[in-house]
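Chain A is the first sequence line, chain B the second, and so forth, proteins listed ahead of strands; every chain is numbered from 1.
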2 protein chains.
Amino acid sequence: MKAAHDAPPRWLDRGQQRSWRAYLDGNARLLDALDREHDAHLSVSLPEYEVLVRLSESPEGALRMSVLADGLAYSRSRTTHTVRRMEDRGLVRRGAVAGDGRGIVCSLTDAGRSMLEAEAPAHVAAVRRYLVDVLTDDELAALGGIMAKVAQGCAADPASRGPSSAKSLGD
Amino acid sequence: MKAAHDAPPRWLDRGQQRSWRAYLDGNARLLDALDREHDAHLSVSLPEYEVLVRLSESPEGALRMSVLADGLAYSRSRTTHTVRRMEDRGLVRRGAVAGDGRGIVCSLTDAGRSMLEAEAPAHVAAVRRYLVDVLTDDELAALGGIMAKVAQGCAADPASRGPSSAKSLGD
DNA sequence: TTAGGGTAGTTGACAGTTCAACAACACGAA
DNA sequence: TTCGTGTTGTTGAACTGTCAACTACCCTAA
């Protein structure tokens, strides 16, 4: 695979390096702070909270596992594990899908919905405190646009995705 | 702690929400892609690579554990574990610090330096492919500036940091 | 009808991270 | 000196996520 031209590596210039490092650093600190906030003051972790949000936004409060996984950019098995843990706590329920014998729908229980409503204010406050309120409106919008572009670039690159649809083109 | 005014929560508006989600999504995909690249084609993980870089940039190729940890925004114990694993592979060596009986210096071995030199091109290529080359120069610079601001905001907030210097102000 | 290949989801072993508890040292004050 | 407090770094258990292997199902084509 890949011609492997062994072209001389194009290093990052000073500014690019600074930006990349700032990204790594800021990201680590931001996600740390949010994780910590969830740990300290909420009953669901950040990833679990995201699951609750996605389910709550769907018309029936329910989504197929694969849709949930793709929407959150979680791996299939991560989704399985996370949902199982949430099911054990009664936040979520699993059931068969009508037309497809393989599918599993994950749906919000009343307890799950209550949990989400109870914790949303603290979650949003944390996101504000560490991200939204730190930036100007323009900066936040710029960040969103840039990261969407990055996400798109990753999605376009076959090598960036997990083993799903890997196909081992090398045979 | 905290007056707990219970002010009505200030939700995120539509645009803020989109930006925040784009951030989460793009970030997840980007770091996944880089992790995957390191896993598939390199001999050191991304966090280990960062350790090698920091050490190599220091004049003596050596840094105190705490300096390394703070610089990388890694927890103390993460640093300990990571460095121990790297030491087991001969990439790094640990020794006492001159003036302070508590300190441990972590220094690059020849093998570690060779490893870094060998793997740097592939690492940089991945960072380019998934981040740098996807954005314009202005966008990358903007991203860097924004994330630096975020990092600063987190650093300024006492609650965002780990248990170090926690002090349990509540007593 | 069945064979083959793709998709959905789960499972268990494993690796990396966090947390709490701890040991050892530094340093200032009584 | 000695006590108390803060800092540095380590340890092991618990948790979360990844990977590879697997089951079960869908669907098309021969």
Mind calculating the distance between [atom1] ([X]) and [atom2] ([N]) to the nearest angstrom?
X	N	atom1	atom2	answer
Leu31(B)	dT18(D)	CG	P	12 Å
Arg84(B)	dT10(D)	CZ	P	10 Å
Met86(B)	dG16(C)	CE	P	12 Å
Arg36(A)	dT16(D)	CZ	P	15 Å
Arg78(A)	dT18(D)	CZ	C1'	10 Å
Glu87(B)	dT11(D)	CD	P	10 Å
Leu46(A)	dT17(C)	CG	C1'	16 Å
Asp39(B)	dA20(D)	CG	C1'	13 Å

Next item on the list: Give me the ring orientation class for His123(B) and Trp20(A): parallel if the planes are under 30° apart, tilted from 30 to 60°, perpendicular past 60°.
Entry: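 It falls in the tilted class, 30° to 60°.
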Next item on the list: Determine: side-chain N/O of Ser45(B) to OP1/OP2 of dG16(C), distance under 4.0 Å, yes or no.
Entry: no
Note to self: So, does Ser75(B) get its side chain near the phosphate of dT17(C), meaning an N or O under 4.0 Å from OP1 or OP2?
What the structure shows: no
Check: Between Gly101(B) and Val67(A), which has a closest nucleotide on DNA chain C that is more 5'?
Finding: Val67(A)
Side chain proximity check, [X] to [Y], heavy atoms < 4.5 angstrom:
X	Y	value
Ser107(B)	Glu60(B)	no
Arg128(A)	Gln16(B)	yes
Arg64(B)	Asp100(B)	yes

Margin query: Donor-acceptor pair, distance only, cut-off 3.5 Å: does the side chain of Ser58(A) make one with the backbone of Arg54(A)?
Written below: no
Nucleotide of [options] approaching [X] most closely (side-chain heavy atoms):
X	options	value
Arg64(A)	dT18(C), dC19(D), dA8(C)	dA8(C)
His81(B)	dA26(C), dT18(D), dT11(D)	dT11(D)
Arg85(B)	dG16(C), dC19(C), dG17(D)	dG16(C)
Thr80(A)	dT10(C), dG17(D), dA20(C)	dT10(C)
Asp100(A)	dA13(C), dG9(C), dC25(D)	dC25(D)
Arg76(B)	dC19(C), dG17(D), dT8(D)	dT8(D)
Arg102(A)	dG9(D), dT7(C), dA20(D)	dT7(C)

Check: Going through the distances and angles, do Arg10(B) and Asp133(A) end up as a salt bridge (Lys or Arg N to Asp or Glu O under 4.0 Å)?
Finding: CA-CA 11 Å; Arg10(B) 289 162 52 227; Asp133(A) 287 349; 3.7 Å; yes
Check: Hey, does Thr82(B) reach any base, or is it just sugar-phosphate, or nothing, if we go heavy atoms under 4.0 Å?
Finding: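 If one applies the 4.0 Å heavy-atom cut-off, Thr82(B) turns out to touch the sugar-phosphate alone, with no base involved.
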Next item on the list: Determine the contact category for Asp35(B): base if any of its heavy atoms lies under 4.0 Å from a base atom, sugar-phosphate if only primed atoms, P, OP1 or OP2 are that close, otherwise nothing.
Entry: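 Nothing, no heavy atom under 4.0 Å.
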Note to self: Given the structure, check if the side chain of Ser77(B) and the base of dC19(C) hold any donor-acceptor pair shorter than 3.5 Å.
What the structure shows: yes
